[in-house]
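Okay, structure first, notes after.
To find a chain, count down the sequence lines: A is the first, B the second, and so on, and within it residues start at 1. Bear in mind that the values here come from a model prediction, so they are computed numbers and not experimental data.
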Amino acid sequence: MPIKNPNIPSRYDPKATEYKWYKYWLENGYFRSRPDGRKPYTIVIPPPNVTGVLHMGHILNNTLQDVLIRRARMAGYNACWVPGTDHASIATEARVVAHLQASGIKKSDLSRDEFLRHAWAWTHKHGGIILEQLKRLGASCDWARTRFTLDESLCESVVKAFVDLYERGLIYRGHRMVNWDPQAQTTISNEEVNYIEKKGKLYYLRYPIKGSESFVTIATTRPETMLGDTAIGVHPDDARYHHLVGKTAIVPIANRKIPIIQDEYVDREFGTGCLKITPAHDVNDKEIGDRHQLEIIDIFQDDGSLNAHGRHYEGMDRFAVRQLIVEELQEKGFLVKEVDYTHKVGTSERTGAVIEPKRSIQWFVKMADLAKPALEAVSNGAVAIVPEKFANTYRHWMARIHDWNISRQLWWGHPIPAYYYGEGIADFVVAQTPEKALEQARRKSGNLDLQAGDLKRDPDVLDTWFSAWLWPISVFDGIRKPDNEEITYYYPTQDLVTAPEILFFWVARMITAGYAFRGRPPFSHVYLTGIVRDKQGRKMSKSLGNSPDPIELIERYGADAVRVGMLLTTPAGNDLPFDESLCLQGRNFANKIWNAFRLVQRWEPLEKRQPDYATLGISWFENRLNQALHQLEKDFEAYRISAALMGLYKLIWDDFCALYLEIVKPPYGEKIDAKTATQTRRLFESILKMLHPFMPFLTEEIWHRFAKRNEGEALIITEMPKQKACDEKLIREFDFSARVVSALRHFRMKKNIPNPERPPVSVWEREAHRHFDPVICKLAHLSELRYTNAKIEGAPALQVGLNTYFIPVERAVDNRGEIAKATAEINHLQGFLKQIEKKLNNESFIAKAPEEIVAVTRKKQADTREKIKTLQRHIEGLKR
RNA sequence: GGGCCCUUAGCUCAGCUGGUUCAGAGCACCUGCCUUACAAGCAGGGGGUCGCAGGUUCGAACCCUGCAGGGCCCACCA
């Protein structure tokens, strides 16, 4: 029996429920998952930065994951959502450096251990805040499984994976041009370089030709690098410069002699067609240099200032030198001209510093072979990417993947397990532990006296993504213990929900690691969310200050409302222009449901006969519910999450509240019959279950208010309603009746007939739709529906389908509106008829179109003619 | 420079294999209502030449070509 309470407020109060139910769910261990006989449904969270705070992107992302997890839990799966955080090597280190700087401490003044102590202190202070914030959202993670990428077991996993790949010959150390971030003083991967359009200048400089009075003129955006020039290049087919080939040019200021060479790379159209070649500071120049065995002169120090090759500019910053050297060149007559020039400059994603291409020794993963099965997986559907368009991007990228530079010159992160025992390039070993390293080093060097102290650990750490790519495996300890119960049960996981921005950084590499370490992909579906933008379409960011604080939104609107707001208009992969009004819509929806509950809970059922309208209303809504259940299923299968929510929104607001409840609601002053009350509650509970994944708090609250539940019972662990067959014909029949109701309401509104007045209505019936007549009477406030075989003279009439409805009202009637409407309808139908007849008069249509189509078209013709006739008669009737 | 995607109502988007009245939904908007669950609500209503131009077809929002506009990814001509 419902618990009656007349004093329930008319607004849903999220504050009074959210904390209560979250605590209840936690205490009862509903989020907990352990391997058992059920089928697993697993999601690993994209681990947020350990010291990060929740932003709108997280809200979107984690709401989606929670919806999927809660739905799976209610569908009978062993649902497991693994939470955790990422150490975010460079981002966190940058933050710690900035923090120390603020208190006057420079990183360079600290030892590695001292710095790491600060970093850990910072992590302990700020770490995990974001996970607490996720709880406010209702995230049903298995918190006992929380992992951090620097947890001991994950660190060991990273080392093991590194050693394993090294032993398989897939990790090597080599000289490469890398992207050097002079501010963070580390290399970064290509993926972390942002090319930003910048206004600069293109400088035309002339270099004297040795043994002549003439010059060769080149164009460059980076005049300061001339100090590292080791050649001038022209295109082999460029006749303009054939006379220069083989001659020697002199680098101004440095007074160095450099050869003039030919290379296909040089673009004849650009600038003067002559290229200054600086192998130390440009990727392409480096390649030309390799082809021609050019000298490499590195003019920079690690912080971007010039070294001794910079001569009198030594110690000065590269950008300052650019200005000064241009002035010097001008004074000395080497500057021909400078023109404005806009080009794209590589900058560091983390620090924003202009990237310096630099030649150095780094660690790399050989990707070509590793990437093959990962590429194949997306092509053959073993991993489905939603939306599909991103699969193309993925394939394109994976097909021409380059080796992955995994070393970073940072301290915060996983140290590279390499140990050096000599100065030679090959004098190192890679091992799981220092002890093993020593053993190997003795063997490899042949020097059995080698001591632990003789080994030098590689000073670099690994790229953050090198631990992240193992995440779906390492959280279940599948790297260290490949056969443990957890990994074999939970792996591969099902869905991964993340942002498209990290498709290459992370998703592609996880799939790669999945095959490399387990021979299987880590998940079967990747759902890529959109990017949350503000109303003007700008990306939400801290610096723009255009991102609302999610926790504040939850405070103001409630977690359920924020969840609904985020999901209402977010098809996969589409950017979401977020606006607070979306949360408002979510809150209104919560109140709507709350008030429906208030109505139902205050009913005092009476043992009496169930009215016909109620019986019919229930039979309709049961079918409608099954139809919605079917649609819900289809939407989830296709990952149309917002469509799924919108379907429920309409089911609840339009069908359940506006129609169903109005049908079964007892007339004023009457009591409801017990049967209808019970059935309504049952239907309401089904709706609560269907909605629970989207609005967990509200639904749990109402579910508990409906009845006294036993200890340990909760909506969150109930079973989703089972789909049954639905009678589509019955639903169509109802839809017709609903149209009749609308037409009658419209009529009453225009004629100003108040609801308490309950006229009878006569139907001149030309198509039979009598099934829901009691419902029509109830909703349109009619005393009865009568059937006649002819029109009723003098009575105002309206038309629905082929039927005419006559309303006997006494007051003065203005039929002009109705006539105009009917006339417009006739015009429309005549236009439609013309098109149909054009088709039917077209011999090739009759000849070539399939028979059913022709038959249907003929039927349409007949129906339309009939409708026009009826309407014409209708108008005639009105005119009298 | 190479590749991918998009353009449907004021906004955000559905629209399956070309074919049933297919031109839809939510929000916004307009009109009337404080009606006994809910004004954070109820009832009713208006609104689109499906970016443009061709083509294929009996038939095109849907397929093809071109054009215009927008977005994303890769590459990085100094």
Side-chain angles (χ1 to χ4, degrees), chain A residues 8 10-12 190 193 195 202 218-222 225 233 265-267 269-271 274-278 282-285 341 343-346 387-397 400 500-501 503-504 531 535 537 568-571 573-577 579 581-582 584-585 587-602 638 640 642-643 646-647 649-650 653 657-658 661-662 665 667-669 742-743 745-750 752 754-756 828-829 832 835-836 838-839 842-850 852-857 859-860 863-864 867:
Chain A
I8 299 172
S10 66
R11 308 270 153 90
Y12 164 65
N190 287 343
V193 179
Y195 288 89
L202 189 59
I218 55 89
T220 180
T221 54
R222 302 198 56 194
T225 62
Y265 171 79
V266 181
D267 180 353
E269 309 299 321
F270 190 91
C274 300
L275 173 70
K276 75 190 254 318
I277 298 167
T278 325
D282 184 281
V283 178
N284 293 304
D285 290 10
Y341 186 67
H343 62 142
K344 289 191 170 170
V345 178
E388 235 173 315
K389 62 179 175 184
F390 288 109
N392 288 327
T393 315
Y394 176 93
R395 282 194 290 266
H396 195 246
W397 190 77
R400 45 156 102 178
E501 300 157 297
L503 182 60
F504 303 133
I531 294 166
K535 247 184 159 176
L568 265 174
T569 58
T570 319
N574 273 32
D575 287 1
L576 168 70
D579 187 76
S581 64
L582 290 165
L584 209 69
Q585 197 183 344
R587 187 190 64 183
N588 294 353
F589 186 41
N591 276 328
K592 185 71 191 173
I593 300 163
W594 183 249
N595 280 293
F597 157 71
R598 281 177 71 221
L599 172 69
V600 171
Q601 69 85 33
R602 47 169 234 166
R640 289 186 298 247
S642 19
M646 186 46 76
Y649 184 89
K650 287 191 279 195
W653 203 306
C657 294
L661 288 178
E662 291 301 327
K665 189 158 94 176
Y668 182 55
S742 277
R745 281 173 172 169
H746 190 201
F747 178 85
R748 296 181 73 122
M749 183 171 122
K750 278 195 310 190
N752 217 359
N755 279 344
H828 175 252
L829 286 174
F832 181 64
Q835 284 197 331
I836 292 173
K838 205 171 119 193
K839 261 191 194 178
N842 182 342
E843 280 168 30
S844 44
F845 173 71
I846 305 293
K848 293 186 184 176
E852 318 90 76
I853 299 292
V854 177
V856 162
T857 311
K859 172 136 192 340
K860 270 199 261 179
D863 288 355
T864 309
K867 268 183 202 171

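- For F589(A), the ring-ring contact (aromatic ring centres under 6.0 Å, His included) partners two or more places apart in sequence, or in a different chain, are Y649(A).
- Phosphate contact (OP1/OP2 of rA78(B), side-chain N/O of Y341(A), threshold under 4.0 Å): present.
- Counting non-hydrogen atoms under 4.0 angstrom, P387(A) reaches nothing in the nucleic acid.
- Listed nucleotides rA78(B), rC74(B), rA37(B) differ in distance to A596(A); the shortest reach to its side chain belongs to rA37(B).
- Under the side chain to side chain donor-acceptor pair (under 3.5 Å) criterion, N574(A) pairs with no residue, sequence neighbours left out.
- In terms of the side-chain contact (heavy atoms from CB on, under 4.5 Å) criterion, residue partners of T569(A) (sequence neighbours excluded) are, by chain and number, L576(A), L582(A).
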Between the protein and nucleotides 1-5 of chain B, list the N/O to N/O atom pairs that are separated by less than 3.5 angstrom.
residue, atom, partner, partner atom, Å
rC4(B), O3', N392(A), ND2, 3.3

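- Checked against ring-ring contact (aromatic ring centres under 6.0 Å, His included), F390(A) has no partners two or more places apart in sequence or in another chain.
- Note: F504(A) and W397(A) have parallel aromatic rings, judged against thresholds of 30 and 60 degrees for the angle between ring planes.
- In secondary-structure terms, RNA chain B builds stems of at least 3 consecutive Watson-Crick or G-U pairs, each pair having both distances under 3.5 Å, at B:1-7 with B:68-74, B:10-13 with B:24-27, B:29-33 with B:41-45, B:51-55 with B:63-67.
- Looking at residues two or more places apart in sequence or on another chain, you find a side-chain contact (heavy atoms from CB on, under 4.5 Å) between A743(A) and L798(A), V800(A).
- Residues meeting the side chain to side chain donor-acceptor pair (under 3.5 Å) test with N392(A), sequence neighbours left out: R395(A).
- In this model, the phosphate group of rG26(B) is not approached by any side-chain N or O of K650(A) to a distance below 4.0 Å at OP1 or OP2.
- Distance noted for atom P between rC67(B) and rG2(B): 13 Å (whole Å).
- In this structure K665(A) satisfies the side chain to side chain donor-acceptor pair (under 3.5 Å) test together with E662(A), sequence neighbours excluded.
- rG48(B) and rC11(B) have their P atoms separated by 14 Å, with the value rounded to a whole Å.
- In this view, S581(A) and D579(A) satisfy the side chain to side chain donor-acceptor pair (under 3.5 Å) rule, not counting sequence neighbours.
- R748(A) places its CZ atom 14 Å from the C1' atom of rC33(B), with the value rounded to the nearest Å.
- Taking the C1' atoms as reference points, rG71(B) lies 15 Å from rG51(B), given to the whole Å.
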Output a table of nitrogen or oxygen pairs between the protein and nucleotides 41-45 of chain B separated by less than 3.5 Å.
residue, atom, partner, partner atom, Å
rG41(B), OP1, N588(A), ND2, 3.3
rG41(B), O3', K592(A), NZ, 3.2
rC42(B), OP1, K592(A), NZ, 2.6
rC42(B), OP1, W653(A), NE1, 2.7
rG44(B), OP1, S742(A), OG, 2.9
rG44(B), O2', H746(A), NE2, 3.2

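- Residue Y649(A) places at least one side-chain N or O closer than 4.0 Å to OP1 or OP2 of rC27(B).
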Polar atom pairs (N or O), protein with nucleotides 7-13 of chain B, under 3.5 Å:
residue, atom, partner, partner atom, Å
rC13(B), OP1, D575(A), O, 3.4

